[in-house]
Amino acid sequence: MATHSFLSKQVLMGSLALACHSCTVYTPMQPHATLIRAKGEGEALAQIQATGRVEVKAAYSPLNHLLVMAAATGRPSLPTRKDRQQDNYRTLQYEFGVGTYLPLNPNWNIQLAAGTGQAYVERTVSEFGIILAFSNAYEARYRRNFGQLGVAYQKGWAGMGFGYQLTQAVFSQLSAQDRSGNQTRYELPLENQLRHELYGFIRYGLDGPVAQSHWQLQTSVAYSFCEPGRSTPEPYSDIAYRAQFNRGSGLLIGLGVVYALRPR
């Protein structure tokens with residue numbers, strides 16, 4: 001019994017170390033936030049995440065206070081790096097949404113949006129405790145349903161925004177293969193996750209003040225977490241442990257370029 005408790009603690013310590021690297025099978029997209037505030041305005045964004053994932057987004061307002069949005073992200077499978085915890089990562093995702101915006105004054109703007117999307121993820125992760133090591137190849141397919149509330153501000157050459165997105169992730173496939181032992185593939189329990197995602201961004205006009213510029217530089221950050229969070233399950237089992245990995249948190253940092261349509 002003491003040995004079991006000791007081993008469980010090592011597994012937990014390894015899991016916590018991995019959490020610091022923001023790893024989870026669920027791979028969130030950066031919430032789609034814009035500076036659009038009038039009919040006929042639109043934006044197209046291309047950005048790269050710190051993980052090497054590329055995101056492209058577009059938004060347009062065909063009518064006053066109406067916003068339509070679309071986004072896609074992808075990352076091809078890259079060669080394995082044995083010196084990294086994250087050995088392999090591949091994903092392809094897309095989403096669509098509609099929303100509304102309410103300019104409060106020439107500087108402040110409120111946005112509401114809702115949408116849905118699909119995602120496919122492959123992720124191979126090596127997890128290290130003090131005396132134990134695990135290498136698991138995860139594979140998942142899921143649908144995302146989301147709603148978000150955001151606030152944006154622009155003045156002069158700079159703009160910024162921040163907000164909150166509530167996301168439901170509905171998994172249709174979730175499995176893990178043990179790569180360090182007997183190569184067993186575990187079909188993990190499917191679940192509907194409710195995730196909280198906070199985001200913020202800063203923009204700078206490259207060819208004029210943000211309200212009139214067509215080209216803008218943007219940096220963004222987002223944090224996704226799931227309740228009740230990750231913990232080592234009791235009693236310990238291979239399937240339960242691997243399923244808990246999918247409830248970790250994720251930190252996203254991106255840098256990109258925006259083209260803004262500003263009709264005169």
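- The closest side-chain donor-acceptor pair between Arg141 and Ser172, if any, does not fall under 3.5 angstrom.
- Under the side chain to side chain donor-acceptor pair (under 3.5 Å) criterion, Thr167 pairs with Gln165, Glu197, not counting sequence neighbours.
- Taking each heavy atom of Gln49 and Ile253 in turn, the nearest pair found is OE1-O, 3.2 Å.
- Between Val170 and Asn192, the closest heavy-atom pair is CG1-OD1, 3.3 Å.
- Of the candidates Asn64, Ile36, Asn109, Pro103 forms a side-chain contact (heavy atoms from CB on, under 4.5 Å) with just one, namely Asn109.
- Here Glu95 pairs with Arg144 under the salt bridge (Lys or Arg N to Asp or Glu O under 4.0 Å) rule; sequence neighbours left out.
- Residues meeting the side-chain contact (heavy atoms from CB on, under 4.5 Å) test with Val56, sequence neighbours left out: Ala46, Ala72.
- Taking OH of Tyr26 as the start and OG of Ser224 as the end, the distance is 5.0 Å to the nearest 0.5 Å.
- Residues forming a side chain to side chain donor-acceptor pair (under 3.5 Å) with Ser220 (at least two apart in sequence, or on another chain): Gln30, Gln47.
- Arg195 is linked by a salt bridge (Lys or Arg N to Asp or Glu O under 4.0 Å) to nothing, counting only residues two or more places apart in sequence or in another chain.
- Annotation: ring pair (Phe, Tyr, Trp, His ring centres under 6.0 Å) contacts of Tyr153 (sequence neighbours excluded): Trp108.
- Between Gln193 and Phe171 the shortest side-chain heavy-atom distance falls below 4.5 Å.
- Considering all non-hydrogen atoms of both residues, Pro31 and Ala222 come closest at CD-CB, 3.9 Å.
- A single hydrophobic cluster is seen to contain both Val151 and Leu102, as judged by linkage of ILVMFWY side chains at heavy-atom distances under 4.5 Å, directly or through other members.
- In the hydrophobic clustering of ILVMFWY residues, with side-chain heavy atoms under 4.5 Å counting as a link, Val210 and Val258 come out apart.
- Classification of the Tyr164-His196 ring pair by plane angle, with boundaries at 30° and 60°, yields parallel.
- Hydrophobic cluster membership is shared by Leu104 and Leu112, with clusters built from Ile, Leu, Val, Met, Phe, Trp and Tyr side chains linked at under 4.5 angstrom.
- Checked against salt bridge (Lys or Arg N to Asp or Glu O under 4.0 Å), Glu43 has the following partners two or more places apart in sequence or in another chain: Arg203, Arg262.
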Given the rule in the side-chain contact (heavy atoms from CB on, under 4.5 Å) test, do Glu41 and Leu261 qualify, once you have shown the distances and angles that lead to the verdict? CA-CA 5 Å; Glu41 292 187 355; Leu261 177 63; 5.9 Å; no
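- Residue pairs meeting the ring-ring contact (aromatic ring centres under 6.0 Å, His included) criterion with at least one partner in residues 38-59, sequence neighbours excluded, do not occur; the list is empty.
- Residues satisfying the ring pair (Phe, Tyr, Trp, His ring centres under 6.0 Å) criterion with Tyr94, sequence neighbours excluded, are Phe96.
- Sorted by first and then second residue, the ring-ring contact (aromatic ring centres under 6.0 Å, His included) pairs with a member in residues 46-76 read His65-Tyr101; sequence neighbours excluded.
- When the side chains of ILVMFWY residues are joined at heavy-atom separations under 4.5 Å, either directly or via intervening members, Tyr223 and Val221 end up in a single hydrophobic cluster.
- In this structure, a donor-acceptor pair under 3.5 Å is absent between the side chains of Glu122 and Thr91.
- Listed by chain and residue number, nothing satisfies the ring pair (Phe, Tyr, Trp, His ring centres under 6.0 Å) test with Tyr199 (two or more places apart in sequence, or in another chain).
- Contacts of Arg37 classified as side chain to side chain donor-acceptor pair (under 3.5 Å), with partners at least two apart in sequence or in another chain: none.
- For the pair Arg123 and Tyr138, the cation-pi criterion (under 6.0 Å, within 45° of the ring axis) is not fulfilled.
- Closest heavy-atom contact between Leu174 and Pro189: CD2-O, 3.7 Å.
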